Amino acid sequence: MNCYSHVSMNPERWSQVDRYIKDQIVPHDPIFDAVLTASQEAGLPSIQVSSAQGKLLQILAQTQGASRILEIGTLGGYSTLWMAKALPQWGRLITLEIDPSHAATARANFKRAGVESVVELIEGPALETLPRLEIEGFGPFDLIFIDADKPGNPDYFSWALRLSCKGSLIIVDNVIRNGDVLDEKGADAKVQGVRKLFEMISREPRVNATAIQTVGEKGYDGFILAWVKS
Ligand code: SAH
Ligand code: DHB
Ligand code: MG
């Protein structure tokens, strides 16, 4: 038997384990199911974080003691909701989304979940809305979750640093991409965006960073964690 045929290498097994994790320690909250159902019915792609990953974002927001959170890439607002639930009443989460139909679905979901008073969705291309945030004096943010178009990652990371302070945590989703991150000369603009981000971070003295590979119901991917130290 070669090791690649072993059950532990099987994506179906990864999903079963995610289900086990969810059943054991990710408490069932019907609002998350309602948000996913509404997103699916609106025809949105099912590329949101898994529930276990959503809960990780929530725990990171809690350990940060976050009251100001920025998200780039809302989709239907599933990851947004996980983080919003970690905020104090006076906290604020700003989430940026380019697609009007995703934005409309997300806004309805925030109402449905009763978080519309702490979440503000700003519609438009992030590279146009991020400068506006800075001009209007938003930030610094305690937590920034980058999860929009992947070729934009290097620019979004630069903006995240501008909108950070010492102690901020920057998280970047989907940086492993089934291992394709190793494709030096690949034509995939998403992979090249991720590779450029790794290179930027390697030369960035202001952050202490790592990347973690993940498997689960969303396949094989991973995320970067970058803690702003100055
Ligand atoms: N964070 C979500 C998933 C986001 S999917 C979750 O885990 O629940 C990526 C989203 O980024 C999509 O909705 C897409 O429309 C949006 N997006 C793509 N390019 C963008 C851009 N230039 N500016 C803002 N949002 C963008
Ligand atoms: C893609 C985007 C995501 O945010 C994600 O979690 C998975 C896939 C994508 O654009 O392919
Ligand atoms: Mg993602």
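Since we're looking at a predicted model, the values are computed, not measured. In this chain, residues are counted from 1 in sequence order. In listed order, ligands and their atoms are each counted from 1.
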### Within-4.5 Å side-chain heavy-atom neighbours: Q48 and L36
yes
Between the CG atom in D173 and the CZ atom in F223, the distance rounded to the nearest 0.5 Å is 8.5 Å
The residue among T95, L130, L93 that forms side chain to side chain contact (heavy atoms under 4.5 Å, CB included) with L70 is L130
Do the non-hydrogen side-chain atoms of L169 and V228 ever get within less than 4.5 Å of each other? no
Would you please classify the geometry between the W82 ring and the F32 ring as parallel, tilted or perpendicular, with 30° and 60° separating the classes? parallel
Protein neighbours of ligand 2 with a heavy atom under 4.0 Å, given by chain and number, are I47, D147, K150, D173, N174, R177, K190
Flag the pair F145 / M83 as yes when at least one side-chain heavy-atom distance between them is below 4.5 Å, and no otherwise.
yes
To the Mg ion (ligand 3), the closest N, O or S atom belonging to D147 is OD1
Margin query: Taking backbone and side chain together, does D173 place any N/O/S atom at a distance below 2.8 Å from the Mg ion (ligand 3)?
Written below: yes
Are any of the side-chain heavy atoms of V207 and I201 separated by less than 4.5 Å? yes
Query raised in the report: Side chain of R177, backbone of V191: donor and acceptor closer than 3.5 Å?
Result: no
Please say whether more than 12 non-hydrogen atoms of neighbouring residues, nucleotides or ligands are located less than 6.0 Å from NZ in K111.
no
Hey, is there an N, O or S on N174 sitting under 2.8 Å from the Mg ion (ligand 3)?
yes
Heavy-atom closest pair (Q62 atom, A86 atom, distance to 0.1 Å) is CG-CB, 3.8 Å
With Y78 as partner, the option from S51, S50, S46 fulfilling side chain to side chain contact (heavy atoms under 4.5 Å, CB included) is S51
Within the protein, flag every N or O under 3.5 Å from an N or O of ligand 1, and note the pair and distance.
residue: ligand 1; atom: 1 (N); partner: G73; partner atom: O; Å: 2.9
residue: ligand 1; atom: 1 (N); partner: S79; partner atom: OG; Å: 2.8
residue: ligand 1; atom: 1 (N); partner: D147; partner atom: OD2; Å: 2.8
residue: ligand 1; atom: 7 (O); partner: V49; partner atom: N; Å: 3.0
residue: ligand 1; atom: 7 (O); partner: S79; partner atom: OG; Å: 3.3
residue: ligand 1; atom: 7 (O); partner: D147; partner atom: OD2; Å: 3.3
residue: ligand 1; atom: 8 (O); partner: S79; partner atom: N; Å: 3.1
residue: ligand 1; atom: 8 (O); partner: S79; partner atom: OG; Å: 3.2
residue: ligand 1; atom: 13 (O); partner: L75; partner atom: N; Å: 3.4
residue: ligand 1; atom: 13 (O); partner: E97; partner atom: OE1; Å: 2.7
residue: ligand 1; atom: 13 (O); partner: E97; partner atom: OE2; Å: 3.2
residue: ligand 1; atom: 13 (O); partner: H102; partner atom: ND1; Å: 2.8
residue: ligand 1; atom: 15 (O); partner: E97; partner atom: OE2; Å: 2.6
residue: ligand 1; atom: 15 (O); partner: H102; partner atom: ND1; Å: 3.2
residue: ligand 1; atom: 19 (N); partner: D149; partner atom: OD1; Å: 3.2
residue: ligand 1; atom: 22 (N); partner: D149; partner atom: OD1; Å: 3.3
residue: ligand 1; atom: 22 (N); partner: Y156; partner atom: OH; Å: 3.1
residue: ligand 1; atom: 23 (N); partner: A126; partner atom: N; Å: 2.9
residue: ligand 1; atom: 25 (N); partner: I98; partner atom: N; Å: 3.2

